[in-house]
Amino acid sequence: MYSHIESCKTNADTIEIDRSTIRKNIISLAWPSVTELILVTLCEMIDMMMVGKLGPYAITAVGLTSQPKFVMLSVFLALNVGVTALVARLKGENNVKEANAVVRQALVLSLLFAILVSILGVIFSKNMIVLMGGEPDTIQPGTDYFRILMGGFIFTAISLCISAALRGAGNTRAAMRFNITANVINVVFNYLLIYGKFGFPALGVSGAAIATIIGWSAASIMALITIIRGDNYIFISLKDNYKPNLKIIKRIVRIGLPAAGEQFALRAGLLLYVRTVSSLGTVVYATHQISINILGLSFMNGQAFGIAATSLIGQSLGQKRPDLAKTYAIETRRLGSLVSTMIATCFFFFGEQLVSLYTSNAEIIKSGGVVLKIVALLQPFQSSFLILSGALRGAGDTRWPAISTFIGVLIIRPILSFICVLIFHWGLIGAWVALVSDQLLRFVLVYFRFLSGKWTTIKV
């Protein structure tokens, strides 16, 4: 049910590949991810709109928690890169026993790390908000919001791990179902707990955090049910062996370690970047946070097709078909570019209307509209970077996406933002010039790595 490359199998000496079938396979895997990410992003946007009704301080307070939260998530995102790539490769090799052993080991590691991260996050919540440059009106609500998120972090870790395994096996529909459900639940409880509707307490920013935890709890329960009931390629049982398997852990770590470096470089660079932007004040940072939130709409395109590329390329290489892997990468990028062009058009011509959904502040609407015009010009490169990075990860080549992130986000973006904002005094526009420069450089680095073809020979 979840294999998407059997129809493209040919004899070893066959060169011709049915591109119409290739496209159908890509779309079959990508559309659930596109649907999931669109709806998840819309829910996140609605989440921010609801918080925004409390005032710019609330948007800023929640926004300041984004980078610390992703720093905490880095180890899990890196681990899950290894899980997705390994499961995809083992699926191509038709080794279901080993694939499920990988999932069991990953779940155990995720649970152990989640407990540690939760404890650290709860203890150092206020320190992180202060580190991010929080002003007096944002420190306490930001601390409360972050502490609640960290308290329920284990549910996020479980859901992310199982989603990564299912996507590696080509089952993007299951991940779509429980992640959409989680975000719909989040929005409903946002309404109830932020404003105190239908007898619920009005908890403001803290209510938004509790709603997020309720949503992720639902997602983790659905994810566990999905892999326990035994009708998927990925399935586990409590009777299985959960003892540490160093061989499998080493394989996961070998792929995930560069991804971990990438994530930490990304988050460290963004911490420095956000510190520079937050120095511009609460209203300007609120504009920046709204623009970042809307930018998520464009990321979902590249991420969705990147997920499809990871799975299909991993499976193709598992079947010893590098020619098929290259074709999948090229066609996935082509389809993603079509979607990114439509998104760019929307951002360019309707930017102010999008920003006005979050706030009635005229200054924020005007400057946010300018930022989204800059974002529109970035779209083709951003989409290609995300898709080709997904292709490389599917092959187990996690090093080059990590190198590109290290150079772009940890070096180029912070330095340029410092120069443009604090020396040239270009304000928020200067910060986004730095962001665009970083993403263009990352695209170039990943693109030339893909053209080299060396990723097709990597052993996982």
Side-chain angles (χ1 to χ4, degrees), residues 63-79 81 128 130-133 255-280 284-285 288-289 291-292 295-296 298-299 302-303 306 371 374-375 377-393 397-452 454-455:
L64 289 172
T65 69
S66 295
Q67 294 314 316
K69 178 179 69 177
F70 280 110
V71 168
M72 297 294 192
L73 274 172
S74 294
V75 65
F76 301 96
L77 296 175
L79 173 68
V81 167
M128 292 188 179
V130 172
L131 177 67
M132 294 305 301
I255 300 171
L257 195 58
E262 177 186 2
Q263 285 298 319
F264 284 116
L266 176 66
R267 298 310 157 190
L270 291 180
L271 281 170
L272 296 173
Y273 176 67
V274 168
R275 283 279 298 176
T276 300
V277 180
S278 65
S279 70
L280 295 170
V284 174
Y285 188 78
H288 173 74
Q289 190 58 39
S291 302
I292 288 288
L295 181 63
S298 62
F299 272 108
Q303 288 173 331
V371 168
I374 297 173
V375 171
L377 301 176
L378 176 66
Q379 289 311 295
F381 306 100
Q382 175 185 287
S383 170
S384 293
F385 166 74
L386 291 170
I387 293 168
L388 293 179
S389 292
L392 295 179
R393 292 187 183 106
D397 187 359
T398 52
R399 184 174 298 175
W400 271 87
I403 292 172
S404 70
T405 298
F406 181 86
I407 296 173
V409 183
L410 190 56
I411 298 176
I412 299 300
R413 190 189 297 195
I415 291 175
L416 277 183
S417 64
F418 182 86
I419 293 171
C420 293
V421 173
L422 300 178
I423 296 179
F424 292 166
H425 302 292
W426 290 354
L428 185 60
I429 298 303
W432 280 80
V433 167
L435 184 149
V436 170
S437 301
D438 148 44
Q439 292 212 7
L440 287 174
L441 175 63
R442 282 191 280 164
F443 159 71
V444 170
L445 292 173
V446 168
Y447 180 67
F448 280 105
R449 174 61 175 181
F450 173 77
L451 288 181
S452 75
K454 294 178 181 179
W455 51 275

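The shown structure was predicted, so the numbers you read here are calculated from the model rather than taken from an experiment.
For the pair Ile407 and Leu441, the minimum side-chain heavy-atom distance is below 4.5 Å. Counting heavy atoms from C-beta outward, Tyr447 and Leu388 have side chains that approach closer than 4.5 Å. By the 4.5 Å heavy-atom criterion applied to side chains, Leu270 and Arg413 are counted as neighbours. At a threshold of 4.5 Å between non-hydrogen side-chain atoms, the residues Val409 and Arg442 count as touching.
Nearest approach of Ala434 to Ser417, heavy atoms of both residues: CB-N, 3.4 Å. Of all non-hydrogen atoms in Asp397 and Pro401, the two that sit nearest each other are O-CD, 3.4 Å. The two residues Arg275 and Val130 come nearest to each other via the heavy atoms NH1-O, 3.7 Å. Counting all heavy atoms, side chain and backbone alike, Tyr273 lies closest to Ala431 at OH-O, 2.8 Å.
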Using residues 421-428 as the side-chain source, report each donor-acceptor pair under 3.5 Å to any protein atom, sequence neighbours left out, with the distance given to one decimal.
none

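Applying the 6.0 Å contact sphere to CZ of Phe406 captures no more than 12 heavy atoms from other residues, nucleotides or ligands.
Taking the six-membered ring for Trp and the full ring otherwise, Phe443 and Phe385 have centroids separated by 6.0 Å or more.
Gln439 places no side-chain N or O within 3.5 Å of a backbone atom of Leu435 that could act as its donor or acceptor partner. Looking at Ser383, its side chain never comes within 3.5 Å of a backbone N or O of Pro380 through a donor-acceptor pair.
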